[in-house]
Novice: 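For reference, the structure I am asking about is given below.
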Amino acid sequence: MYKLGFDNDKYLKIQSEKIRERISEFGDKLYLEFGGKLFDDFHASRVLPGFQPDSKLQMLLHLKEEAEIVIVVSAQDIEKCKLRSDLGITYDVDAQRLINEFREKGLMVGSVVLTKYASHPRVLQFEEKLGNLGVPVYRHYFIEGYPSNISHIVSDDGYGKNDYIKTERRLVVITAPGPGSGKMAVCLSQLYHENKRGVKAGYAKFETFPIWNLPLSHPVNMAYEAATADLNDINMINPWHLEAYGKTAVNYNRDVEIFPVLKATFERIYGECPYKSPTDMGVNMAGSCIFDDNAVSQASYQEIIRRFFNASADAAKGASNKDEIFKLELLMNQAGISAENRKCTVEARKTAAESGEPAAAAELNDGTVITGKNSKLLGCASAMLLNALKHLAGIEDKVLLIVPKVIIPIQELKTNHLGNRNPRLHTDEVLIALAVSAASDDNAAAALAQLCKLNNCEMHSSVLLSDVDAGVLRKLGIRLTCDPVK
């Protein structure tokens, strides 16, 4: 059941105030690292129900006249064709999407930085595409001894070998398609280069997770560990903060590990560091906007389970991610949850066992569970989708929204002319058939009007669904998991 637990309006207000306050603390220029997604932050919207995916973007629009954006992409991620799991696109494609989206919103995209740079055909092709778009590209390299050899890192042979990123405005927002891109290293490299040019620049971090003023074992923070299980990130009590202030605060391991580098960078450049701990670097106010702890906790438990299913599905498709799955299993054990805590999973498996056919189940926003199974005409996801729309529209189950005489010609087209072996209709085909039927059938029209109510619903399939079905369900806002069964 979907239940709000986060005050987004309050968040926009107090978070904007905090960022403006931090900007005023520095002189010539501020490099503001944006963790997570600047918009399309679906992870935050899933674990903090009420958080809007574009909240960070809305705050930034208030500063658009004095801000420019630098997008950071790891060359390794481009080479490996790393995907954004929520959108199903590679990081290089997403970077181009971000450029277009930012520009359409009236935001200035200053440049793209390729970190961990090494020449590779896909990387070179990406650089060429950006050049054609008129976007400057800079290269940052591996630094020997990073992050422990501080004297080497903060030198002409360390940061000094990176390209200097030319920027124009006072606020430089450093963002990326996903985690592990090297955003902080880009910021620190720029501090080094700016100082050599006589510019006093500062650094701050806008990282939504982990939420520093929630307990280490809070489900929201555990869900963040699940989201970064492939990176092996670990939430931890910030020892620097505890020593400086005698208070506990939560950070993740990479921030704690890199803090000596940041501190030493400031000290070598300016003689002192303005921060006593990694927590001081941040401007995150999300923890102050949670008004229903149980709602965000339950949402976070579901996120952890979804991450486990998604990783298991990737393994079934050939991914080498045993360590990721192992960590997610540990997180589930630590949280005291299992697949049985996902109502739609239980019902999908039950329906599959009783019918002997692949089955799907969805938990609607009011808590109702709707099921569907394979038939001669429809796949289990398509059957579940139609059943859910009928329920939401108040249409009796026995009513056919799409009559067989409409479905059969589509099946013949698929199998006789388009080379498909599976005659059952996928979700996209069902929705098109439903839309056609809606022109002459009031029930079909009423059902079609319910599509928006599927947003934020939970769904499980007893078998792996096709990429087509998964993509359609994602566009509808349905949160899908599958048993790793082909």
Novice: Would you say the side chains of Tyr245 and Asn238 form a donor-acceptor pair under 3.5 Å?
Specialist: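 Short answer, no.
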Novice: Considering only NZ, NE, NH1 and NH2 on the basic side and carboxylate oxygens on the acidic side, decide whether Asp77 and Lys116 come within less than 4.0 Å.
Specialist: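 No, this pair does not count.
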Novice: Looking at Phe206, does the NZ or CZ of Lys56 lie under 6.0 angstrom from its six-membered ring centre and within 45 degrees of the ring axis?
Specialist: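 Ring-cation test returns yes.
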Novice: Nearest 0.5 angstrom please: Trp212 CH2 to Asp280 CG, how far?
Specialist: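 The CG atom of Asp280 is 9.5 Å from CH2 of Trp212, to the nearest 0.5 Å.
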Novice: Apply the ring pair (Phe, Tyr, Trp, His ring centres under 6.0 Å) test between Phe259 and each candidate in Tyr275, Trp240, Tyr252, Phe266; give the one that qualifies.
Specialist: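 That would be Trp240; it is the only one of Tyr275, Trp240, Tyr252, Phe266 passing the ring pair (Phe, Tyr, Trp, His ring centres under 6.0 Å) with Phe259.
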Novice: Look at Asp255 together with Lys205 and state whether they make a salt bridge at an N to O cut-off of under 4.0 Å.
Specialist: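 Looking at Asp255 and Lys205, the cut-off is met.
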Novice: Take Glu127 and Tyr117 through the side chain to side chain donor-acceptor pair (under 3.5 Å) test and state the conclusion after the steps.
Specialist: CA-CA 12 Å; Glu127 288 181 288; Tyr117 188 85; 2.8 Å; yes
Novice: Find the distance between CE (Met285) and CD1 (Ile19) and round it off to the nearest 0.5 Å.
Specialist: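 The CD1 atom of Ile19 is 10.5 Å from CE of Met285, to the nearest 0.5 Å.
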Novice: Are side-chain heavy atoms of Tyr146 and Ile258 found at a separation under 4.5 Å?
Specialist: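 Side chain of Tyr146 against side chain of Ile258, heavy atoms only: contact under 4.5 Å found.
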Novice: Name the one of Ile211, Val250, Val296 that satisfies side chain to side chain contact (heavy atoms under 4.5 Å, CB included) with His218?
Specialist: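 One option only clears the test, and that one is Val296.
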Novice: Given side chains that start at C-beta, do those of Thr279 and Asn251 come closer than 4.5 Å, heavy atoms only?
Specialist: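 With C-beta onward as the side chain, the pair touches.
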Novice: Between Asp41 and Ser55, is any side-chain donor less than 3.5 angstrom from a side-chain acceptor?
Specialist: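 Not at all, the side chains of Asp41 and Ser55 share no donor-acceptor pair under 3.5 Å.
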Novice: Under a 3.5 Å threshold, yes or no: a donor from one side chain and an acceptor from the other, between Asp157 and Ser155?
Specialist: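 Side chains of Asp157 and Ser155: no pair found under 3.5 Å.
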Novice: Tell me yes or no: between the side chains of Thr228 and Asp230, is some donor less than 3.5 Å from an acceptor?
Specialist: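 Side chains of Thr228 and Asp230: no pair found under 3.5 Å.
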Novice: Tell me whether Arg254 is salt-bridged to Glu257, with the criterion being a basic N under 4.0 Å from an acidic carboxylate O.
Specialist: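 Between Glu257 and Arg254 there is no salt bridge, as every charged N stays at least 4.0 Å from the carboxylate O atoms.
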Novice: Should the ring pair Phe209 and His43 be called parallel, tilted or perpendicular, given that the plane angle runs from 0 to 90° and is split at 30 and 60?
Specialist: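 Taking His43 first and then Phe209, their aromatic rings stand perpendicular (interplane angle over 60°).
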Novice: Tell me whether Arg22 is salt-bridged to Glu25, with the criterion being a basic N under 4.0 Å from an acidic carboxylate O.
Specialist: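 Answer for the salt bridge query: yes.
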Novice: Compute whether any side-chain donor of one residue and acceptor of the other, for Asp483 and Ser462, lie under 3.5 angstrom apart.
Specialist: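 Looking only at side-chain atoms, Ser462 and Asp483 do not form any donor-acceptor pair under 3.5 Å.
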Novice: Is it true that Lys317 and Asp314 have a side-chain N and a carboxylate O under 4.0 angstrom from each other?
Specialist: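 No, Lys317 and Asp314 are not salt-bridged.
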Novice: Under the criterion side chain to side chain donor-acceptor pair (under 3.5 Å), I'd like the reasoning laid out for Ser312 against Asn310: C-alpha separation, chi angles, the key distance, then a yes or no.
Specialist: CA-CA 5 Å; Ser312 299; Asn310 291 341; over 6 Å; no
Novice: Any non-hydrogen side-chain atom of Asn162 less than 4.5 Å from a side-chain atom of Val113?
Specialist: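 No, every pair of side-chain atoms sits at 4.5 Å or beyond.
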Novice: So, using side chain to side chain contact (heavy atoms under 4.5 Å, CB included) as the criterion, who are the partners of Tyr164 when residues are at least two apart?
Specialist: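 By the side chain to side chain contact (heavy atoms under 4.5 Å, CB included) rule, Tyr164 matches Lys166, Gln190, His193, Glu194, Arg197.
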Novice: When you check the gap from the basic side-chain N to the acidic O, do Lys105 and Glu101 get nearer than 4.0 Å?
Specialist: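 Result for this pair is no, no salt bridge flagged.
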